[in-house]
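Taking it in order: structure first as structure tokens, then the write-up.
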Amino acid sequence: MLELSCRQLRDDIAAGRVKSVDAVEAVFAQIEKHEQTIGAFVSTFKDIALEKARSVDAKIAAGEKVGLLAGVPVAIKDNMCTSFGATTCASKILENFHAPYDAGVVEKLNAADAVIVGKCNMDEFAMGSSTENSGLKQTVNPWDNSKVPGGSSGGSAAAVAGRMCFASLGSDTGGSIRQPASFCGVVGLKPTYGRVSRYGLVAYGSSLDQIGPFGRDVGDAALMMNVIAGHDERDSTSVGADIAPVADCLVDLDKPVEGLKIAVVPQFNAGASDEVQAAITAALEAYKGMGAEIVEIEMPHIDYAIAAYYVIATAEASSNLARYDGVHYGHRTADPKDYFEVYSKSRAEAFGDEVKRRIMLGTYVLSSGYYDAYYLKALKVRNLIRGDFTAAFEKADCIMMPVSPTTAFGIGEKTDDPMQMYLADIYTIAANLAGVPGVSVPCGFDSGNMPIGLQIFTPAFTEDKLLRIARMYEKEHQWHTKVP
Ligand code: GLN
């Protein structure tokens, strides 16, 4: 049963051939077997999940209509608020925080009759590329337990790859869905900024954050997208149907895009390892074989994406994280001698090093003496990068490139050098600055049997087309069927 896609499982459950309760039991048997090693979850909810599964099974037995994810066990990253359990962001400062409400996406999962089995580990406040910045636990890569699962949504990716749920949600501020998807050999989609509600997503970089799905194949990512996409008036940056109606990502998924034109940026791709480059080249050849045309382009400002991102993201983070003050939320220091110490000690005790580094960076670039030199400059660069995407999409339907310069690296390999860690995001970050959707699709393995991902971008609000392009490749290759 664990090898079924979400679509198959959902149809089997809805038709009464499989009980949701059995699917949930199967998932928890797997969690009990592997979670000790993989460490994908911050918390699991067996009782709540079984109760939900029983209610879905009962609805089906009574002949009631059920949702798109009826009875399907899924997981979510632990930065999405739930009215049950804790919402920790893998931070000691929120370790005991219980949200009073469900995030918009959690409501949508519930409305679709999905069963949430657990909340996944992540880099603290989604800051990182390896999940090693979690303040709570270590997650390892299901393909090789000495390697990182990627980050910051490493738990969500490892849970799907390790068959501890059928699909999951992550959040992507600079690559945190696509990069762990690539490291763990699953499909990961970052939707257009504004497509999925951020209501109840704990903010990191508000102008960059976007929730999106992990699936074992493109079809499951499409199904999850159909469930979570759409306007939410409680998120003022969520886009309404009047501007961009939500497309059904599943109906035409198997229809190839006729006369597909693919843009590539040769000198940018040359920064990836030989094995990654070889896999991307082979994937491009496969598209050519399907009749696609490759257009070589330049994206002149993309080299500045990392620099601009680490100014903008840290500026927004320093502001967003000001709310963890020892008063409103979470950890409070035991014996403050005055009001000032309530702030300083609570924050000093409970934030991890990377979070502190970013609060300092962000505060610095927003300070009155440096605002123009750094923050304002970064916003201008962001605009130029957005222009690079617009120009590229005038020449081609999509852009393809690697997801990451390397496959999953060793645990501890980059932890002493934050700059090395930041550089791991070179291929993913620009899409967040531009707001466009991007997907990571498995496209091979390196000589150490670690998965490699192909990244595809299309214009804003064309997730349906993006997934169709990804599906064209997936249909002819079976990388996604390999199990760690
Ligand atoms: N690795 C990037 C960072 O550390 C992106 C993280 C993310 O997308 N949440 O900020």
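We number each residue from 1, following the sequence as shown. Ligands are counted one by one from 1 in listed order, and the atoms in each one are counted from 1 as well. Just so we're clear, the structure is a prediction, and the values are computed from it rather than from any experiment.
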Full working for side-chain contact (heavy atoms from CB on, under 4.5 Å) between C89 and M122: CA-CA 7 Å; C89 291; M122 55 186 280; 4.3 Å; yes

Element-labelled atoms of ligand 1 that are located less than 4.0 Å from some non-hydrogen atom of S152: 7 (C), 9 (N)

Nitrogen or oxygen atoms of R358 and ligand 1 under 3.5 Å apart: yes

Short N or O distance, K77 and ligand 1, threshold 3.5 Å exclusive: no

Residue part near ligand 1, for T173, under 4.0 Å between non-hydrogen atoms: both

Mutual orientation of the aromatic rings belonging to W479 and H477 [parallel < 30°, tilted 30-60°, perpendicular > 60°]: parallel

Residue-ligand contact G128/ligand 1, heavy atom below 4.0 Å: yes

G174-ligand 1 polar pair, N/O distance under 3.5 Å: yes

Distance-only polar pair, side chains of N121 and T131, donor-acceptor under 3.5 Å: no

ring-ring contact (aromatic ring centres under 6.0 Å, His included) between F393 and F457, worked out: CA-CA 9 Å; F393 293 136; F457 304 114; 7.9 Å; no

Part of Y310 within contact of ligand 1 (heavy atoms, under 4.0 Å): side chain

ring-ring contact (aromatic ring centres under 6.0 Å, His included) assessment of Y324 paired with F125: CA-CA 12 Å; Y324 307 105; F125 286 103; 5.0 Å; yes

Side-chain donor-acceptor pair present, E316, S207, cut-off under 3.5 Å: yes

The single option from D172, D235, D232 passing salt bridge (Lys or Arg N to Asp or Glu O under 4.0 Å) against R198: D235

Under 4.0 Å to a heavy atom of D425 - the qualifying atoms of ligand 1, by number: 1 (N), 2 (C)

Test log, rule salt bridge (charged side-chain N to carboxylate O under 4.0 Å, His left out), inputs D217 and R7: CA-CA 10 Å; D217 62 13; R7 283 112 60 220; 2.8 Å; yes

Any Y422 heavy atom less than 4.0 Å to ligand 1: no

Under 4.0 Å to a heavy atom of Y309 - the qualifying atoms of ligand 1, by number: 2 (C), 3 (C), 5 (C), 6 (C), 10 (O)

Ligand 1 to D172 polar contact by distance, N or O atoms, under 3.5 Å: no

Option set G175, S176, S130, A317, criterion heavy-atom distance to atom 6 (C) of ligand 1, minimum: S176

K356 vs E124, salt bridge (charged side-chain N to carboxylate O under 4.0 Å, His left out): CA-CA, chis, key distance, verdict: CA-CA 11 Å; K356 287 176 185 163; E124 185 176 4; over 6 Å; no

Distance filter under 4.0 Å to A126 heavy atoms, resulting ligand 1 atoms: 6 (C), 7 (C), 9 (N)

